[in-house]
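Each remark here refers to the structure printed beneath this line.
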Amino acid sequence: MMSVRDSLSPQEALAVMDTAQRIAIAGHINPDGDALGSALALQSLLRAMGKDVTVLLGQDHAPPELYKFLPNYEFVWASEYSEVPDLFIVVDASTAKRLGNSERILGVARDTLVIDHHTNYEGFAHHYIGDTMAPAAATLIWRIIKASGITPTLDMATYCYVGIMTDTGRFAFKNTNASAFADASEMIGIGVDPAGLSELVYENKTLPALRLEALMTDRIQFSGAGSIAYSFILKDDLRTLGLERDVTEQLPAILRAIKGVEVAALFREEGREGIRVNLRSRSSFNVGAFAREFGGGGHAGAAGLTLEQPLDEAISCVVERLASELSAHT
Ligand code: 5GP
Ligand code: MN
């Protein structure tokens, strides 16, 4: 396993990119604003450097509707990508397991590079540039853009802003630091519209999505004397409401915002994928470390895991373990 010391500098990462002509980029499955924004920003930079670039999706379904406002919101399914890239770049993922169909490209590409901000990078690529203190993978992309000598465009700034805004929960989560504000300030100087982008991501809910929130809220249960809040979403909920799974991205934060709650868990029935569990913490309890005990991962404040069990068993198993670890945690 690599440590932070093994990270390349932005200049060294650019040198790796410079030697390649055909480049494929992929983020993690069930992509969020950071995975998508980072991949598209990097694509923009690499195209400005004269490279031939493709952004891949690790699952064979459309990317989230929510981020459709981003320029050049076009992707290629990794399952249909038949080229042999000179370089395959993974953004916003610390483990190959999170790549879905894109994982195959690791074995095909001539060279591989990971750009990431998670802890516990699993060392699955030739090159790595990472910073576990960075609020978003987009923070690292922004550093690379600035080191490139290419003037950042409004599109590049917009992609990176969306990555940082969403991963920090609008500059509010524990990972929000001075760099988030410093970068945002630079991006706004280039023309990024913070209110406009916030509105597009957070004030653009459909009525069915709001109804899903109501369903989830109705099902909230507590454990650990109110310190743990949990709820669930069924596959049928999405089907009945005519929704895609990506509308569930902002739901775990609602659970964590309840008075007295330290840790929130949202259980989502995902059919073939099993039960997905989104974890959020606002105390010093590290949900990333907790998720790793179940083969998942993530950050101290936001993490996820997958269980192949019926929903009720998954819930009791995770909630019991959470309650006992949280009570042992000082
Ligand atoms: P979310 O709950 O929004 O899916 O994920 C929260 C954070 O944890 C994200 O940074 C995400 O990349 C990470 N994460 C979620 N699920 C997993 C998982 O199964 N494995 C790993 N390594 N990270 C995960
Ligand atoms: Mn991220």
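Residues take their numbers from the sequence shown, with the count starting at 1. In each ligand, atom 1 is the first atom listed, and ligand 1 is the first ligand listed.
- Closest protein heavy atom to atom 11 (C) of ligand 1: R98 NH2, 3.3 Å.
- Within the structure, the closest approach of T306 to ligand 1 does not fall below 4.0 Å when heavy atoms are considered.
- Taking the ring centroids of Y73 and Y67, they lie at or beyond the 6.0 Å cut-off.
- Note on D167: its N/O/S atom closest to the Mn ion (ligand 2) is OD2.
- Using a 4.0 Å cut-off between charged side-chain N and carboxylate O, K235 and E270 make no salt bridge.
- By the criterion of a heavy-atom distance under 4.0 Å, neither the backbone nor the side chain of E249 is placed next to ligand 1.
- Protein heavy atom in closest approach to atom 3 (O) of ligand 1: R280 NH2, 2.9 Å.
- The distance from ligand 1 to the heavy atoms of T95 drops below 4.0 Å at these ligand atoms: 22 (N).
- Residue-level proximity to ligand 1 for H118 is carried by the side chain, the only part with a heavy atom below 4.0 angstrom.
- The pair E213-K205 meets the salt-bridge criterion, with a side-chain N (NZ, NE, NH1 or NH2) lying under 4.0 Å from an Asp/Glu carboxylate O.
- Among all non-hydrogen protein atoms, the one lying nearest atom 13 (C) of ligand 1 is G298 CA, 3.6 Å.
- For ligand 1, the atoms lying closer than 4.0 Å to a non-hydrogen atom of H299 are 10 (O).
- Proximity annotation for atom 15 (C) of ligand 1: of A96, A291, G304, G304 comes nearest, heavy atoms only.
- Close N/O approach between S94 and ligand 1 is not found [any backbone or side-chain N/O within under 3.5 Å].
- Side-chain atoms of N30 and Q59 form a donor-acceptor pair, as typed in the model, at a separation below 3.5 Å.
- Taking the Mn ion (ligand 2) as reference, the nearest N/O/S atom within D34 carries the name OD2.
- The minimum heavy-atom distance linking A180 with F171 is given by the pair O-CE2, 3.7 Å.
- Residue contacts with ligand 1 do not include K97, since none of its heavy atoms lies under 4.0 Å from the ligand.
- For atom 7 (C) of ligand 1, the closest non-hydrogen atom of the protein is A302 O, 3.4 Å.
- Close N/O approach between R276 and ligand 1 is found [any backbone or side-chain N/O within under 3.5 Å].
- The closest heavy-atom contact to atom 2 (O) of ligand 1, among the options T119, N278, T166, comes from N278.
- The shortest heavy-atom contact between V90 and F88 is CG2-CE2, 3.7 Å.
- The aromatic rings of F285 and H329 sit perpendicular to each other, their planes meeting at more than 60°, with 30° as the lower class boundary.
- A donor-acceptor pair shorter than 3.5 Å can be found between the side chains of S38 and D34.
- In this structure, atom 24 (C) of ligand 1 lies nearest to the protein heavy atom G297 O, 3.1 Å.
- Looking only at protein heavy atoms, the nearest one to atom 8 (O) of ligand 1 is A303 CA, 3.3 Å.
- A salt bridge is absent between R98 and E103; no separation between the charged side-chain nitrogens and carboxylate oxygens falls under 4.0 Å.
- The Mn ion (ligand 2) has an N, O or S atom of D92 inside 2.8 Å of it.
- If you check the side chains of T95 and E122, you find a donor sitting under 3.5 Å from an acceptor.
- Side chains of T132 and H299: no donor on one and acceptor on the other come within 3.5 Å.
- Residue contacts to the Mn ion (ligand 2): H117 brings an N, O or S atom closer than 2.8 Å.
- For D92 and H28, the side-chain atoms include at least one donor-acceptor pair closer than 3.5 Å.
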